[in-house]
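Here's the structure, in structure tokens; my notes come after.
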2 protein chains.
Amino acid sequence: MRPTVYDIAAAAGVSLATVDRVLNQRPGVRLVTREKVEAAIRDIGYVRDVAAANLAKGRVYPLVFILPTGDNSFMHGLYAEVRQAMTRSAFERTEISIVEVPAFDTAALVAALDALHGTDLAGAALVAIDAPDVRAAVDRLVAARLPVVTLVSDLTGSTRHHYAGVDNIAAGRTAARLLGRFLGGRNGDVTVLAGSMLVRDHRERLEGFASVMAAEFPQLRLLPVLEGRDDPEIANALVSEALSGSNSIIGIYSLGAGNRGLIRALKATGHGRGLTVVVHELTEHTRAALQDGTIDAVLNQDAGHEVRSAIRVMKATADGQDVIAGQERIRLDIFLKDNLP
Amino acid sequence: MRPTVYDIAAAAGVSLATVDRVLNQRPGVRLVTREKVEAAIRDIGYVRDVAAANLAKGRVYPLVFILPTGDNSFMHGLYAEVRQAMTRSAFERTEISIVEVPAFDTAALVAALDALHGTDLAGAALVAIDAPDVRAAVDRLVAARLPVVTLVSDLTGSTRHHYAGVDNIAAGRTAARLLGRFLGGRNGDVTVLAGSMLVRDHRERLEGFASVMAAEFPQLRLLPVLEGRDDPEIANALVSEALSGSNSIIGIYSLGAGNRGLIRALKATGHGRGLTVVVHELTEHTRAALQDGTIDAVLNQDAGHEVRSAIRVMKATADGQDVIAGQERIRLDIFLKDNLP
DNA sequence: AAATTTTTGATTTACGTACATCAGAATTAG
DNA sequence: CTAATTCTGATGTACGTAAATCAAAAATTT
């Protein structure tokens, strides 16, 4: 049988009330007594029954997700996963709410973060924009003892407790190697389609991509980055223009969202040119394009894992517990047409 | 506030005892009364508080993992992950034990499975050998109402409740495409190193690999499979012999374990030949070889995820609950030197 | 040594569910 | 219509922890 608080009391030769005071860090215990109890806890190997404790406390975890609006499939997927998590609230003792802010809007994000002060939250998750104001707002929340998790896009240099997303530099490097190896030594140009250089994840992907390209595939020339603002229409226009303007493009790396537009452009203009294409985010559109050979590889982060991980981390942080590190590492999925889920 | 059993009783106009009889499927309730209670449960949206229920029941989950012995890093990793899970037993109300059986030994596995009858288990997980006897033994356990999960290697056609492992046909297909594309149109021979054609996962990987090779890379010729029994020494000998006997080998796919031996052979014999190599299972050896360029890609299944998933599924099955499907899908990890964890 | 403060003990209630018991009500069989 | 049977209600205890109260003991101050 697992030891209980009663066993601690017996082992330490004190009363239950004293054990409780030590366990829950309540005042009114002499140092020597506290140490006696702590020794007993270690000796008998007591671990608090979290389920019973939560039951007694009537604990619930009010959590908030701050998400950008946006007409791309990845964000739709992210919303869907958060809503999925809401349906599990009853089981998980969570109370999840979503706050929407306009995409790429630093001021709105800061305002949303500041509005959280004073509410009785157990944690906040946000898709960060990499700006000093946002960093300051996050730091204020952390200072106010609120567990904060960044989602998808990180905010390094801030005091956020955790980042639930992939290593984007590694993602960019991986894309470069896939593209470089798939092109098998051919000479030519490679073009990169990004969303916005404002968000850290896109900047990091580009950085990783460019560095491996330069170091290992010198026969490939990197063209200036196209910024499509994660918008299918803009992406379509930019890629169409680039492809009709040059015959030397042999590879494309799309590191943001809005791939619907890219795919449309590829089918219209890129047909039969033997382009090798690597994109991010598995959606119904990229999946179809992978299957029909329009694109060659999809790098993906599993939004469901990210959301569930963020929730686990916020709850654990709120309780001062630690998490299974390996379980919370968000992996970069690489999909070829053969291993689609 | 969440509705409780008291709320059901009030809403249905019956006593707590009757609600309890309905909820726990105890006898002694008229059909009309039962339906009244069930309607009330639906109406007020009651969901049982599993934590409280488990507390009241004093529920623990005795689980057993049946694992093959074997001197390869993957199995070592699997053992380590199960032992890791044991350290979390106190939190997760599990009581995990490990049963070791000799690798590739059908009779021993069947004996181990049969020995589980009569014990009070909440679930069993096994690395299956694909044989009729094993299938029958698993079916007997399932018939005896024991949740059974296959781990790493599946047992299709059996009544096992769940498979915690990757899609090995897809893994083989993916390996073929990586190898084929990385070889960039070159002509030559490709050799396959397997563990044993007795285990289903190896057979399936080969099947997937061969089919994509034949369909999409006709310029590559598949040599007869080398069976290394997942043993580093045997693998080393086989690969060394193959490489010294032929100059036309340009690609190698190692779909089993024992890659230490393969890597040794590559460094000794394959040096400077420009071989492209894809292997399975990320271990310290394959990681180092990936980093120094001896091999080009590693396909991996995360043993930690598999073990944790198996535990979640066994617990849920024991309670008659359902699981989050997306969370239990074990993904095929593809590692290049750029995205190593 | 008395008065005061701090520390500790004993006890109770609560969380939401499970499970057992026994008495009383309703239903069915004879 | 009575007896036997089947349902239902009322009640209490338990699980392991949290949290509160009040009394008693110990330590500290005056």
Side-chain angles (χ1 to χ4, degrees), chain A residues 1-41 44-61 89-95 318-321, chain B residues 1-38 40-41 44-61 89-95 122 318-321:
Chain A
M1 280 308 274
R2 262 176 77 170
T4 73
V5 284
Y6 296 90
D7 300 319
I8 304 176
V14 300
S15 77
L16 250 185
T18 301
V19 173
D20 180 65
R21 289 178 186 116
V22 173
L23 277 177
N24 296 292
Q25 303 169 87
R26 273 184 263 277
V29 185
R30 260 190 311 166
L31 187 63
V32 280
T33 316
R34 154 160 285 124
E35 280 167 351
K36 208 164 58 178
V37 173
E38 280 163 353
I41 290 175
I44 66 176
Y46 168 86
V47 274
R48 184 196 243 108
D49 183 326
V50 188
N54 283 342
L55 177 60
K57 277 194 285 215
R59 184 92 161 96
V60 287
Y61 302 84
S89 280
F91 297 97
E92 301 178 346
R93 310 189 93 83
T94 54
E95 277 171 6
D319 288 343
Q321 286 195 294
Chain B
M1 280 306 273
R2 261 176 79 170
T4 73
V5 283
Y6 295 90
D7 299 319
I8 304 176
V14 300
S15 77
L16 212 56
T18 302
V19 172
D20 180 67
R21 289 179 186 116
V22 172
L23 276 177
N24 295 295
Q25 306 170 88
R26 272 184 265 277
V29 185
R30 260 190 310 165
L31 186 63
V32 280
T33 316
R34 154 160 285 125
E35 280 167 351
K36 210 163 56 177
V37 174
E38 280 164 351
I41 291 175
I44 65 174
Y46 168 86
V47 274
R48 184 197 244 107
D49 184 326
V50 188
N54 283 343
L55 176 60
K57 277 194 287 215
R59 183 89 161 98
V60 287
Y61 301 84
S89 280
F91 297 98
E92 301 178 346
R93 310 188 93 81
T94 53
E95 277 171 5
D319 288 343
Q321 287 195 296

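Residue numbering restarts at 1 for every chain, and letters A, B, ... go by the order of the sequence lines. Remember, predicted model here, so these are calculated numbers, not experimental data. The analysis underlying the following values was restricted to heavy atoms, covering all of them including side chains, and did not include hydrogens, waters or symmetry mates.
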Seminar exercise, completed: Per side-chain contact (heavy atoms from CB on, under 4.5 Å), B:Val22 is matched among B:Thr33, B:Val29, B:Ile8 by B:Val29
Problem set entry | Cation-pi, B:Tyr61 ring and B:Arg59 (6.0 angstrom, 45 degrees) | yes
Exercise. What integer distance in Å separates A:Ile8:CD1 from D:dG16:C1'?
Worked result: 11 Å
Problem set entry | Pairing of B:Asp7 and B:Arg2 as salt bridge, 4.0 angstrom limit | no
Seminar exercise, completed: Expected string for nucleotides 11-22 of chain C under the B/S/- scheme (protein heavy atoms, under 4.0 Å, primed atoms plus P, OP1, OP2 as sugar-phosphate) is ----BBBSB-B-
Exercise. Does OP1 or OP2 of D:dT8 have a side-chain N or O of B:Thr18 closer than 4.0 Å?
Worked result: no
Seminar exercise, completed: Taken to the nearest whole Å, CG/A:Asp319 to C1'/D:dA18 is 14 Å
For this session: Compare all side-chain heavy atoms of B:Arg34 with those of B:Arg30 and state whether any distance is below 4.5 angstrom.
Result: no
Exercise. Can you name the one residue among B:Asn24, B:Thr4, B:Asp319 that meets side-chain hydrogen bond (donor to acceptor under 3.5 Å, both in side chains) with B:Arg48?
Worked result: B:Asn24
Exercise. Side chains of B:Leu55 and A:Leu55: does their closest heavy-atom pair fall under 4.5 Å?
Worked result: yes
Exercise. Taking only side-chain nitrogens and oxygens of B:Arg30, does any of them come within less than 4.0 Å of OP1 or OP2 of D:dT8?
Worked result: yes
Seminar exercise, completed: Rounded to whole Å, CD of A:Gln25 lies from P of D:dA18 at a distance of 11 Å
